[in-house]
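Beneath this line is the structure, given in structure tokens, with notes to follow.
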Protein chains: 2
Amino acid sequence: MFPEERRRRILEQMRSGEAVKVADLCTQLGVSEASIRRDLRELERSGLLARTHGGALPNEGTMNEPSFAEKATRSHAEKVAIARLAAGLVQDGESLILDAGTTTLEIARQLRQRKDLTVITNAFHIAAELSDCPGIKVLVTGGEVRGNTLALVGPVAERTLADVNADRLFLGANGIDLKRGITTPTQAEAAVKRTMIESARQIVLVADHTKLGKVAFATIAPVTRAHVLVTDRQFDPHAARELTARGLQLLIAQ
Amino acid sequence: MFPEERRRRILEQMRSGEAVKVADLCTQLGVSEASIRRDLRELERSGLLARTHGGALPNEGTMNEPSFAEKATRSHAEKVAIARLAAGLVQDGESLILDAGTTTLEIARQLRQRKDLTVITNAFHIAAELSDCPGIKVLVTGGEVRGNTLALVGPVAERTLADVNADRLFLGANGIDLKRGITTPTQAEAAVKRTMIESARQIVLVADHTKLGKVAFATIAPVTRAHVLVTDRQFDPHAARELTARGLQLLIAQ
DNA sequence: TCAGATATACTCAAAGTCAATCAATATCGG
DNA sequence: CCGATATTGATTGACTTTGAGTATATCTGA
């Protein structure tokens, strides 16, 4: 058992967010307490955990935060249903903007067989997904990479988007609220999404029912700025009626 | 038993994700510890495992990926060697342009631990590789996705590149020829690479020896436009002398 | 607040491991 | 055939890792 190996196992054990005790690790890994302490000190130095008396607590980054991959599998069936319905709006020959996000990635997958599409996106995954489709021309906006979402934001992205004219935008969001509008966690993302909205003729908002009522930090636009909302059937009927009354077309995936 | 064969067996043994001990490998493969250590050093350089005191651990993630087989080849080891040498030119705090390509991707990997870098690239893979590095700001050029290489080309890419000023460019190429210059298969890529050249203070051409004498369809620039060429030691000595005479600095990876 | 129980930092010596060098052998290209 | 290059294993001194021992620090419950 090597020191490095031991440290990996310690981290592995903390992945669930639980604290570890020196004595436990000691028996589990079959080394003296001195060695365990040395390991913990080292891992603390790397910023992976915080030591306490008798053991250690995992640090933010060490815990299993929902990665992109995990988010993508969470309620995957619903996302596919929403994506199918949304993709049905697209006619061959159109040009589309696809926002970054797991639902919009599903839309991209649904569009693979289509002919003569132009897709503009600020998401790696979407561009990669469509890059080998003969009937689809993919334009990436460029911009700075936003840490964990792999979305591109910033002036470069905005400028590219400002210079295009798309038939349709498929917009993702973290929060949809009747009063606070469509929201997202960062100003930078909000700015990009606003530019997308300006460059598209029709705005299709895609969001599952869990987004309703949530408010994230930065407002993108009022909900009425969207023309269509595609969501699932657990979407609150009251809110649905209210949105319809305000002129949105609602499409409910089954 | 050839060194290559031995290394393959070592990797074979680590496939399950288990650690290996120098002493064990030593008896199993019937060679001295010195040789085993040399093998492990080499494999570590290629990014296939992590050495520890007494043995080695499989590198997290890499072991079961499809890219694993490719990484185990000799040409990949050469690329890594070139990349290490090239990455050594970079000082913390600089801004770089990284062209799309397998060697430049390796350069990106070598830069992960650096601080305060700005990296501009037209390659997905490079952007993804560096996106989670706290010390590195990644700017993607944007542009159209070129089918199989996943490089971004076209007016959007060129405009983004034209608007930046980088300390260094690491440029890949399909062909390097004394008469025909630096070449690449398509006009679109050539145009992007030319823009990169214009936006950087120092041009570092990275190319293994197989590129010498090859001529691809589109010329990017004469070889003399580069300031430094990083290559491997199988690079033809005559050509090397000729290039040095023309003012290029040659760096030969061992 | 204090005493007793734990947990910790520190030093040290032993065991094991490593890098560097060198000479011997094997292989390659002409 | 010869010189150049690669590969190998032995040797040496230096480095890491380890657990025990000891003095200090921290926690807990009264």
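To find a chain, count down the sequence lines: A is the first, B the second, and so on, and within it residues start at 1.
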Scan residues 127-136 of chain B for pairs that pass salt bridge (charged side-chain N to carboxylate O under 4.0 Å, His left out), counting only residues two or more places apart or in two chains. B:R109-B:E129, B:R112-B:E129, B:R112-B:D132
I'd like to check the side-chain hydrogen bond (donor to acceptor under 3.5 Å, both in side chains) partners of [X]; sequence neighbours left out, ordered by chain and number.
X      : result
A:E4   : none
B:K193 : B:D99
B:D92  : B:R114

Pairs involving residues 240-249 of chain B, ordered by first then second residue, that meet side-chain hydrogen bond (donor to acceptor under 3.5 Å, both in side chains) (sequence neighbours left out): B:E242-B:R246
Starting at atom [atom1] of [X], determine the distance to atom [atom2] of [N], rounded to an integer number of angstrom.
X     : N      : atom1 : atom2 : result
B:L29 : D:dG9  : CG    : P     : 11 Å
B:F2  : D:dT8  : CZ    : P     : 10 Å
B:E33 : D:dC15 : CD    : P     : 19 Å
A:E5  : D:dT16 : CD    : P     : 20 Å
A:E4  : D:dT17 : CD    : C1'   : 13 Å

With a 3.5 Å cut-off and no angle check, do the side chains of A:T186 and A:E189 form a donor-acceptor pair? yes
So, B:E106 versus B:T103: side-chain donor-acceptor pair below 3.5 Å or not? no
Contacts of type side chain to side chain contact (heavy atoms under 4.5 Å, CB included), residue A:A100, not counting sequence neighbours: A:N122, A:A123, A:A151
Name the atoms and distances for all side-chain donor-acceptor pairs under 3.5 Å in residues 210-223 of chain B, with sequence neighbours left out.
residue	atom	partner	partner atom	Å
B:T210	OG1	B:D208	OD1	2.3

When the axes are fitted on five pairs at both termini, how much does the helix from C:dT1-D:dA30 to C:dG30-D:dC1 curve, in 10° steps? 60°
Chain A reaches DNA chain C, atoms under 4.0 Å from its heavy atoms, from C:dA7 to C:dA9
Specify the residues of residues 34-56 of chain A, ordered by number, for which at least one heavy atom lies under 4.0 angstrom from an atom of DNA chain C. A:R37, A:R41, A:R51, A:T52, A:H53, A:G54, A:G55
Please tabulate, for the side chains in residues 134-142 of chain B, all donor-acceptor contacts under 3.5 angstrom to protein atoms that are two or more places apart in sequence or on a different chain.
none

On DNA chain D, more 5' by nearest nucleotide between A:R6 and B:S32 is B:S32
Pairs of donor and acceptor atoms involving the side chains of residues 23-33 of chain B, under 3.5 Å and at least two apart or interchain, shall be tabulated with distances.
residue	atom	partner	partner atom	Å
B:T27	OG1	B:D24	O	2.9
B:Q28	OE1	B:Q13	NE2	3.2
B:S32	OG	B:A34	N	3.4
B:S32	OG	B:S35	N	3.4
B:E33	OE1	B:R37	NH2	2.9

